[in-house]
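A quick write-up on the structure given underneath.
When reading the values below, keep in mind they use all heavy atoms of this one structure, side chains included, and skip hydrogens, waters and symmetry mates. Numbers here are sequence positions counted from 1.
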Amino acid sequence: MTGSLIRFVRLLATLLLAAALPLAAHAQPTPQPGFGVMVHYLPDKQSIGEIKRFDVETFASTLAEMRVSHLILTLGQNSGQYIAPNAALEVLCPSSVANRPPRDLPLEIGRALRSRGIALILYLPFRAPQGDRAMMECLGDVSEQEPPPARFVAAWSSVIRDWSERYGALASGWWFDGTYNTKGITPAGWEMLCSAARAGATNRWLAFNAGEGAERFSAKSAPCQNLMAGEYMQPPSHLTGPPSELVLHVLTPLTASWGRDAPARFTAAQLRTWIADAATARGLFTLDMPIDAAGRFVPAHVALIKSVTARP
């Protein structure tokens, strides 16, 4: 084999290897503070079959029109249903495969957001789905009010790792809900969880939610946490966080509750103040906004946000 042919073969092999690498291998953009949106898109509302109706391009375009910097997207909550496949779950809980669609909606959304410069943060409960007894048993978990068993910590870490590596640079962060009881998690257990959350892209926002309100929105609940969970149903008139190593974040629903299709409960002036306060603090302000099964926002809500974020 001639030298030039050898070099060509090596180059071809390198190109093929690069093409085969997952998204995690590509450079990850640095997460940026700003104004964002959370959506509670859960199959227990729309049903797994409804996921095929989700219009990713319209959804992402609307977010861009509202000038958001990030989206928090629910992979699932406590029903045992998730909006994406997960190889680790298929192994751990084979019978649960019917609760996951073949369509990988977060992957499609992540790609659509990346093309528009919007960061994707994935939402997942910190514990096994509390409403699915069979999944709790196969994952080795107990009530979220009790300490998590070591077997569960290992199993859930493998589930988180699968999604982390699957989405790689498309995922700029994780928002873990229900971090109510972490007693008994060993340093090795935390290392499993934290490394799973960082797998595929090390520079991620990581938030662990210990609960709502002034006492808990800013709490650090995990050694690798770097972002306040921020849950605050009635934010103060001005956003300030206690002295903390965590990035300031306040998360609140635009309507009366999470994901509820109802009139907005805040004025444009309030929203402008909170977004400005977060910008001054180099933090995040996130509004939970309802969407329908196709991923469409309430037109009146979109109009309100566009009036707030429009450039002068």
Taking NZ, NE, NH1 and NH2 as the nitrogens, is one of them in R100 or E90 under 4.0 Å from a carboxylate oxygen of the other? yes
Look at D104 together with R166 and state whether they make a salt bridge at an N to O cut-off of under 4.0 Å.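 Salt bridge between D104 and R166, a charged N being under 4.0 Å from a carboxylate O: yes.
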Please tell me if the side chains of [X] and [Y] come closer than 4.5 Å, counting only heavy atoms from C-beta onward.
{"X": "T182", "Y": "P148", "answer": "no"}
{"X": "V39", "Y": "D288", "answer": "no"}
{"X": "M38", "Y": "Y123", "answer": "yes"}
{"X": "S69", "Y": "Q32", "answer": "no"}
{"X": "S164", "Y": "W174", "answer": "yes"}
{"X": "L42", "Y": "Q77", "answer": "yes"}
{"X": "S195", "Y": "R161", "answer": "yes"}
{"X": "L113", "Y": "L71", "answer": "yes"}

Where is the tightest heavy-atom contact between [X] and [Y], given as atom of each residue plus distance?
{"X": "S221", "Y": "T179", "answer": "CB-CG2, 3.9 Å"}
{"X": "S237", "Y": "D277", "answer": "O-OD2, 4.2 Å"}
{"X": "H249", "Y": "F217", "answer": "O-CD1, 3.7 Å"}
{"X": "R204", "Y": "A197", "answer": "NH1-O, 2.8 Å"}
{"X": "R67", "Y": "R311", "answer": "NH1-NH1, 2.8 Å"}

How long is the straight-line distance from [atom2] of [Y] back to [atom1] of [X], given to the nearest 0.5 Å?
{"X": "I83", "Y": "E50", "atom1": "CD1", "atom2": "CD", "result": "14.0 Å"}
{"X": "R151", "Y": "W156", "atom1": "CZ", "atom2": "CH2", "result": "13.0 Å"}
{"X": "L170", "Y": "I109", "atom1": "CG", "atom2": "CD1", "result": "11.5 Å"}
{"X": "F152", "Y": "D141", "atom1": "CZ", "atom2": "CG", "result": "4.0 Å"}
{"X": "L206", "Y": "W175", "atom1": "CG", "atom2": "CH2", "result": "13.0 Å"}
{"X": "R260", "Y": "H40", "atom1": "CZ", "atom2": "NE2", "result": "12.0 Å"}

Between N99 and Y82, is any side-chain donor less than 3.5 angstrom from a side-chain acceptor? no
Without hydrogens or angle criteria, can the side chains of Y41 and D292 be said to hold a donor-acceptor pair below 3.5 Å?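 No.
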I'd like to know whether the aromatic ring centres of Y180 and F126 sit less than 6.0 Å apart in this structure. no
With clusters defined by side-chain heavy atoms of hydrophobic residues (ILVMFWY) lying less than 4.5 Å apart, directly or transitively, does L254 cluster with V298? no
Under the side chain to side chain donor-acceptor pair (under 3.5 Å) rule, what do N209 and E231 come out as? Steps first, then yes or no, please. CA-CA 7 Å; N209 185 35; E231 184 180 356; 2.8 Å; yes
More than 12 heavy atoms of other residues, nucleotides or ligands under 6.0 Å from CZ of R282: is that the case?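 Counting other residues, nucleotides and ligands, CZ of R282 stays at 12 neighbours or fewer.
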Counting heavy atoms not belonging to R133, are there more than 12 under 6.0 Å from its CZ? no
Residues that E57 engages under side-chain hydrogen bond (donor to acceptor under 3.5 Å, both in side chains), provided they are two or more places apart: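 Expected list: R116.
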Show, in sequence, the C-alpha distance, side-chain angles and deciding distance for S79 and D132, and conclude whether the side-chain contact (heavy atoms from CB on, under 4.5 Å) test is met. CA-CA 6 Å; S79 68; D132 189 324; over 6 Å; no
Walk me through it: do R265 and T252 pass the test side chain to side chain donor-acceptor pair (under 3.5 Å)? CA-CA 11 Å; R265 63 193 180 109; T252 194; 2.9 Å; yes
Which label fits W205 and H70: parallel for a plane angle under 30°, tilted from 30 to 60°, or perpendicular past 60°? perpendicular
